[in-house]
Number of protein chains: 2
Amino acid sequence: MTVPVQLLDRIRAAVDPAGWIGPGPDMAPYVAEERSLWQSASPLVVRPKSTEEVAAVVRLCADAGVAIVPQGGNTGLVGGAVARDEIVLSLGRMNRIRAIDPANHTLTAEAGCVLASVQKAADEQDCLFPLSLGAEGTCQIGGNLSTNAGGVQVLRYGNARDLTLGLEVVLADGRIWDGLRGLRKDNTGYDLKQVFIGAEGTLGIITAAVLKLFPKPRDRATAMAGVGSLTAALDLFQRVRGRAGDSLTACELLDRRSVDFVLRHIPGTKSPCRQRHAFYVLIELTNASVDGGLTSVAEEVLAKAIEDGLVEDAVIAASAQQARDLWRLRETIPEAQKHEGGSVKHDIAVPISRVADYIDAATAAVEKLIPGIRPVAFGHLGDGNIHFNISQPAGMAAADFLARRHDINRIVHDLAIEANGSFSAEHGVGLLKKEELERYKGGIETDLMRILKRALDPTNIMNPGKVV
Amino acid sequence: MTVPVQLLDRIRAAVDPAGWIGPGPDMAPYVAEERSLWQSASPLVVRPKSTEEVAAVVRLCADAGVAIVPQGGNTGLVGGAVARDEIVLSLGRMNRIRAIDPANHTLTAEAGCVLASVQKAADEQDCLFPLSLGAEGTCQIGGNLSTNAGGVQVLRYGNARDLTLGLEVVLADGRIWDGLRGLRKDNTGYDLKQVFIGAEGTLGIITAAVLKLFPKPRDRATAMAGVGSLTAALDLFQRVRGRAGDSLTACELLDRRSVDFVLRHIPGTKSPCRQRHAFYVLIELTNASVDGGLTSVAEEVLAKAIEDGLVEDAVIAASAQQARDLWRLRETIPEAQKHEGGSVKHDIAVPISRVADYIDAATAAVEKLIPGIRPVAFGHLGDGNIHFNISQPAGMAAADFLARRHDINRIVHDLAIEANGSFSAEHGVGLLKKEELERYKGGIETDLMRILKRALDPTNIMNPGKVV
């Protein structure tokens, strides 16, 4: 679709001189794409600095029937922010923390605030904003909400959706909905914010949000346990949850291969245990009380688990540095895996009770498909969310391996759905998983999604072609 | 609207002989109304015992353009389940617990399960289903979800919405949407369940749900503190939250008048403290660990608060019976207030930081309107949700007082909205608060609600005239 020059002029006039970028080198960050799966292109990147400017731009586009791709930090992994000749509306200049109310445990942030800056603003008020994920230094809170971001503390605090009390949204017709309420309870009609959270910008543009804050943890215990099987890893999770309850903030799985890759490729890392184990479980307990005694809780659970033969070996971090070292093993897995050639990545979730069977079955099935294939299973064990990322056989040409991508996806996703699971736990649909959405949620579910899309964006100008 | 006799015949034929009730004494419980504010009447109460039967009935009604009022335990307080000649579709016979998966911490219940039976089923698996409210022995989980019920543990566990992972819904056209997934993370398109939760049956009929379970608390401390002001009550809340973090499960406010009413009218109750105080704060801490030391935490916080002059007196329950006695003071307030003549009830929420100013301002304003009026302020302090229920002046005729209902509502609700609050924190809209919805959310917000209603129930047969 070609955008009329006159409209481009009008849009530029609706924002200040720093508020737009035409085609050229400056546009590069806005049309870059993390996984190099798509070519992104746009006649104009517009960067409004207020909700009113966003609304003005949307009104102009709505009147002309011209489509918009809303964009946050452009760190998504499914092509949700890729422009295919649409106007890119980047929220990055709307980056004010509008208000903090520590007594109400809320913070009001504009969509363009970088996640780390929201965490920092909360921290300065002695509060915690618990959303935490790899891209937090670059991704923006508007994008986090539009994709219902997950991360490493979902087990305790929930997804981005669960951390949101109110929203401000520019609708597809350019009207502004002010739903910026900071209430724990508000049953006054349909909960409209839920419709826009996780909609990947296809129903409207989130311009600001009231977010939940929590008491800052004062006590913390971080531990790594080596276990001989997935069943043991899951049993350990249940034991720790039963003993530590809400203090269990994170419970992450690392398989042997993922740890091997990290030790091989990431400088300065070292094995957490004296011997190698089939699986490792990273556990973090946190607590609002200084004297929460969490280290004792971790010691007690792990000692008993070793005594019972459930855990083979375990280490509890004796310092903040040791805790960071344990986390580094988990966080550098994606980086380490890049050094092992081509890989096909997945972001599945299954009920926690089915994680072990799922990983066993998926591993066997892909090994049968391509002998020598090297699945790496790691992720958020406590949420049933596994990043089942599969490296090519050693020595195979990357292109040959990647050509089998669809066959691999089919196996991995079919098995997830058979286990009543999800083919996209936290990354969303975007462009990458539209086909999967049709395949696995065809019929009534996608029909309902289309009904909502048509109702809220009847002219299909909001991030068209994404999700549904 | 008159329902054609032929349609009634067809609906009766779609269910078994025990599956319907015609006009007469047996219909009474289904057309009764808690607050006696409306006359309810129906040509037929249909009680399907499966999702397929619900779907069959809805299809028949959809084809004929005849409206349905879905009904759970019929315990709502805003007239959401009142029939005005519509077919009543009661879910009460769909009362099976379909599955429990303790390892996944989930339970799948049909809509007609009584809340207490869901709690019990969880308990039998050594798990906690934390939704808890006054009507739990009668209300049904389908109604709880349709109204996004709150209750006394929202502070820690959230509202009904937050406790739901998956739904099964019969749509307005009679199709069945199976969204019964038990996943902590699932970003595969729009989160459709959010649209039906809290919609009060106006968009579809919830027939089953996958609910979240939690580790059962092993340690518990219950305490009551007497304070001299609302500011002190709020400061105490912040201190306890900062010290106990997630262990703080409930933080309830009782004003002096509410305690006076309870002591006067509820047999067997006694004053929690030696002297009377302006306000009382009921605190409950719970924890998954047997040796959580919660009593020590409560002692420590309260001792320091007394030393600092924040708390005037405090008692910590030394036994389960004493804890129940403290809770009884809170739970019998509505019953006690009935003995004091006519009352006008409210269910407002404001940001926690504004609770004190709100109650002060609302009290002054209603006292100015009707001298001698007796506001009772109690409720969920930790959620900013106050039941501001106002008793008539002693000696005034109840009818004269109730005639001023609208003037009182106006003051109480206007002030809540001025404080960026809600006129219905947990009870919903139904018929009772439709006028308020128009007044306070007119314009874009009700327009968006109407757009959703038209999209999902184009022929307006699902609980018509409720909410929007």
Side-chain angles (χ1 to χ4, degrees), chain A residues 101 103-104 106 147-148 150 154 159 162 175 177 179 181-192 194-195 198-199 215 238 241-246 287-289 297 349 351-353 383-385 420-429 437 441 444-445 448-449 451-452 455-456 467-468, chain B residues 101 103-104 106 147-148 150 154 159 162 175 177 179 181-192 194-195 198-199 215 238 241-246 287-289 297 349 351-353 383-385 420-429 437 441 444-445 448-449 451-452 455-456 467-468:
Chain A
D101 182 348
N104 193 40
T106 50
T147 56
N148 187 29
V154 171
N159 296 291
D162 304 298
R175 288 187 298 172
W177 170 52
R181 288 182 288 270
L183 303 173
R184 259 71 187 175
K185 288 179 169 176
D186 182 23
N187 281 344
T188 50
Y190 308 153
D191 192 356
L192 297 170
Q194 305 294 349
V195 175
Q238 303 294 355
R241 194 175 192 220
R243 177 65 179 79
D246 296 329
N287 194 310
S289 301
V297 172
I352 296 159
S353 48
D383 308 318
N385 172 200
N420 212 2
S422 170
F423 60 85
S424 191
E426 52 180 15
H427 295 166
V429 175
L437 188 76
K441 296 196 154 183
I444 292 174
E445 193 148 336
L448 281 170
M449 291 183 200
I451 287 171
L452 292 180
L456 293 168
V467 187
V468 286
Chain B
D101 182 348
N104 194 39
T106 51
T147 57
N148 186 29
V154 171
N159 296 288
D162 304 298
R175 289 186 297 172
W177 170 53
R181 288 182 289 269
L183 303 172
R184 262 67 188 177
K185 287 179 170 177
D186 182 21
N187 281 343
T188 50
Y190 308 154
D191 191 356
L192 297 170
Q194 305 294 350
V195 174
Q238 302 293 357
R241 193 173 192 223
R243 177 66 178 78
D246 296 328
N287 194 311
S289 303
V297 172
I352 297 159
S353 49
D383 309 318
N385 174 201
N420 211 3
S422 171
F423 60 86
S424 191
E426 51 179 15
H427 295 167
V429 175
L437 188 74
K441 295 195 157 185
I444 292 174
E445 193 148 336
L448 282 169
M449 291 183 200
I451 287 171
L452 291 180
L456 293 168
V467 187
V468 286

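Per chain, numbering begins at 1; letters A, B, ... match sequence-line order. Treat the numbers as computed from the prediction; the structure is a model and nothing was measured. For the numbers below, each heavy atom of this structure counts, side chains included, while hydrogens, waters and symmetry mates do not.
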Would you mind telling me which of [options] has the largest number of heavy-atom pairs within less than 4.5 Å of chain B?
| options | answer |
| --- | --- |
| R184(A), H427(A), Q194(A) | Q194(A) |
| A244(A), G198(A), G179(A), G421(A) | G421(A) |
| L437(A), N385(A), I451(A), L448(A) | L448(A) |
| G245(A), A455(A), P351(A) | P351(A) |

Exercise. So what's closer than 4.5 Å to chain B heavy atoms on N159(A): side chain, backbone, both or neither?
Worked result: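 Side chain of N159(A) only, per the 4.5 Å heavy-atom cut-off to chain B.
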Which answer fits [X], side chain, backbone, both or neither, if we ask what part of it has an atom under 4.5 Å from a heavy atom of chain A?
| X | answer |
| --- | --- |
| D383(B) | both |
| Q238(B) | side chain |
| V195(B) | side chain |
| T106(B) | neither |

Problem set entry | Set of residues satisfying side-chain hydrogen bond (donor to acceptor under 3.5 Å, both in side chains) with respect to D101(B), sequence neighbours excluded | S353(A)
Counting heavy-atom pairs under 4.5 Å to chain A, which of [options] comes out on top?
| options | answer |
| --- | --- |
| L456(B), V467(B), L183(B), I352(B) | L183(B) |
| D246(B), D162(B), N420(B), T147(B) | D246(B) |
| D191(B), T188(B), I444(B) | T188(B) |

Exercise. If we only count heavy atoms from C-beta on, is the L452(B) to L452(A) side-chain gap below 4.5 Å?
Worked result: yes
Problem set entry | Smallest separation among heavy atoms of K185(B) and G150(A), with atom names | CE-CA, 4.2 Å
For this session: Give a yes or no on whether a salt bridge exists between E445(B) and R175(A), defined as a side-chain N under 4.0 angstrom from a carboxylate O.
Result: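 So E445(B) does not pair with R175(A) through a salt bridge.
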For this session: Report the residues that fulfil salt bridge (charged side-chain N to carboxylate O under 4.0 Å, His left out) with R241(A), sequence neighbours left out, ordered by chain and then residue number.
Result: none
